[in-house]
Undergrad: 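A single structure is presented below for examination.
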Amino acid sequence: MKIAKGKSSTRKDKTEVSKPVEERKVGKRKAAVKADKSRLKLTKKAKLDKKDPNKPKRPPSAFFVFLEEFRKTYKQEHPNVKAVSAVGKAGGAKWKSLSATEKSPYEAKAAQMKSDYEKLMTTYNKKQESTNDNDDEDEESKSALNDEDDEESGEDEEDDEDEDD
């Protein structure tokens with residue numbers, strides 16, 4: 001027994017292909033992936049909006065400490081090279097060619113910067129916790145004040161009603 005495709009199934013396929021990509025039917029897996037991607041975009045934007053300008057910046061790694069110094073010397077030796085990528089590639093090649101003893105001053109400086117950063121972060125986090133605690137207390141006190149105001153205004157209304165009688 002042969003199962004023949006009807007004309008209706010081929011027509012659906014043709015119309016589906018002729019539609020723009022956004023309007024085509026999508027399988028369950030692809031639809032789920034699209035939904036996840038859109039959710040990720042929103043969360044990234046939300047994270048970017050909440051960035052605190054007072055938060056200490058992370059310290060550079062040993063390579064970037066080296067690269068700061070290397071850029072200065074490279075620019076002096078090659079004043080005509082303007083491309084950032086060329087400086088980065090040359091710096092990367094030079095870093096790879098350095099021995100462990102030659103890298104040690106940069107690693108020590110990076111470690112010092114990291115310890116300073118950790119101290120700053122502990123103080124920053126303490127400040128954040130204290131401001132969050134104060135905000136919570138302020139909200140509680142404001143709500144308590146609002147409750148008292150509501151009670152007082154409720155009593156005034158009752159007095160007004162008594163006077164009318």
Side-chain angles (χ1 to χ4, degrees), residues 20-159:
V21 177
E22 297 84 28
E23 295 178 9
R24 291 182 191 170
K25 290 182 182 176
V26 181
K28 292 179 183 177
R29 290 185 182 168
K30 290 183 181 178
V33 170
K34 284 185 180 181
D36 290 341
K37 286 182 181 178
S38 64
R39 197 176 325 132
L40 287 174
K41 288 179 184 176
L42 292 174
T43 57
K44 284 181 183 178
K45 287 181 183 178
K47 286 182 183 177
L48 291 176
D49 292 342
K50 295 181 182 179
K51 200 170 197 178
D52 186 8
N54 298 327
K55 186 175 181 181
K57 293 188 178 182
R58 287 176 41 189
S61 65
F63 172 70
F64 283 103
V65 172
F66 160 77
L67 201 58
E68 286 177 28
E69 190 176 299
F70 178 78
R71 270 193 206 104
K72 295 173 187 172
T73 58
Y74 188 82
K75 294 241 180 193
Q76 289 173 353
E77 293 172 6
H78 309 292
N80 296 333
V81 177
K82 303 287 184 190
V84 175
S85 60
V87 178
K89 286 179 183 177
K94 176 76 172 176
W95 179 255
K96 285 180 183 178
S97 68
L98 292 178
S99 65
T101 56
E102 292 172 326
K103 290 181 181 180
S104 63
Y106 302 110
E107 291 170 348
K109 192 173 182 181
Q112 178 62 39
M113 292 173 129
K114 186 175 181 179
S115 64
D116 293 342
Y117 168 76
E118 288 172 351
K119 289 176 187 174
L120 289 171
M121 279 304 292
T122 54
T123 57
Y124 172 78
N125 288 333
K126 287 179 183 176
K127 286 181 185 176
Q128 288 298 105
E129 288 173 4
S130 65
T131 56
N132 287 342
D133 292 342
N134 290 342
D135 289 344
D136 292 341
E137 291 172 7
D138 290 343
E139 289 175 7
E140 290 173 6
S141 62
K142 285 179 185 176
S143 63
L145 288 174
N146 289 338
D147 292 342
E148 290 174 6
D149 291 342
D150 292 341
E151 290 173 4
E152 290 174 4
S153 62
E155 292 172 0
D156 293 341
E157 290 172 3
E158 290 173 6
D159 293 339

Undergrad: Ignoring hydrogens, what is the shortest heavy-atom contact between K127 and S130? Give both atom names and the distance.
TA: O-OG, 2.7 Å

Undergrad: Could you label the plane-to-plane angle of the F63 and W95 rings as parallel, tilted or perpendicular, counting under 30° as parallel and over 60° as perpendicular?
TA: perpendicular

Undergrad: Quick check on K103: does its NZ atom have over 12 non-hydrogen neighbours (other residues, nucleotides or ligands) under 6.0 Å away?
TA: yes

Undergrad: Calculate, to the nearest 0.5 Å, the distance between atoms CZ and CD belonging to F70 and E77 respectively.
TA: 7.5 Å

Undergrad: If you compare all heavy atoms of G91 against all heavy atoms of L67, which two are closest, and at what distance to 0.1 Å?
TA: CA-CD1, 3.9 Å

Undergrad: Looking only at heavy atoms, what is the nearest atom pair of T131 and Q128, with distance?
TA: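 Of all heavy-atom pairs spanning T131 and Q128, the closest is OG1-O, 2.8 Å.
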
Undergrad: Which pair of non-hydrogen atoms, one from P79 and one from K82, has the smallest distance, and what is that distance?
TA: O-NZ, 3.9 Å

Undergrad: So which heavy atom on P60 is nearest to which on E68, and how close?
TA: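 Heavy-atom minimum between the residues: CG-OE2, 4.3 Å.
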
Undergrad: Under 4.5 Å between any side-chain heavy atoms of Y106 and E69, yes or no?
TA: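 Answer yes - side chains close enough.
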
Undergrad: Considering only residues two or more places apart or on different chains, which pairs with a residue in residues 110-126 satisfy side-chain hydrogen bond (donor to acceptor under 3.5 Å, both in side chains)?
TA: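 Counting only pairs at least two positions apart or across chains, the side-chain hydrogen bond (donor to acceptor under 3.5 Å, both in side chains) contacts touching residues 110-126 are D52-Y124, Q112-D116.
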
Undergrad: Can you name the closest pair of heavy atoms from S61 and A110 and give their distance?
TA: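 Nearest pair, atom of S61 first, then A110: C-CB, 3.9 Å.
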
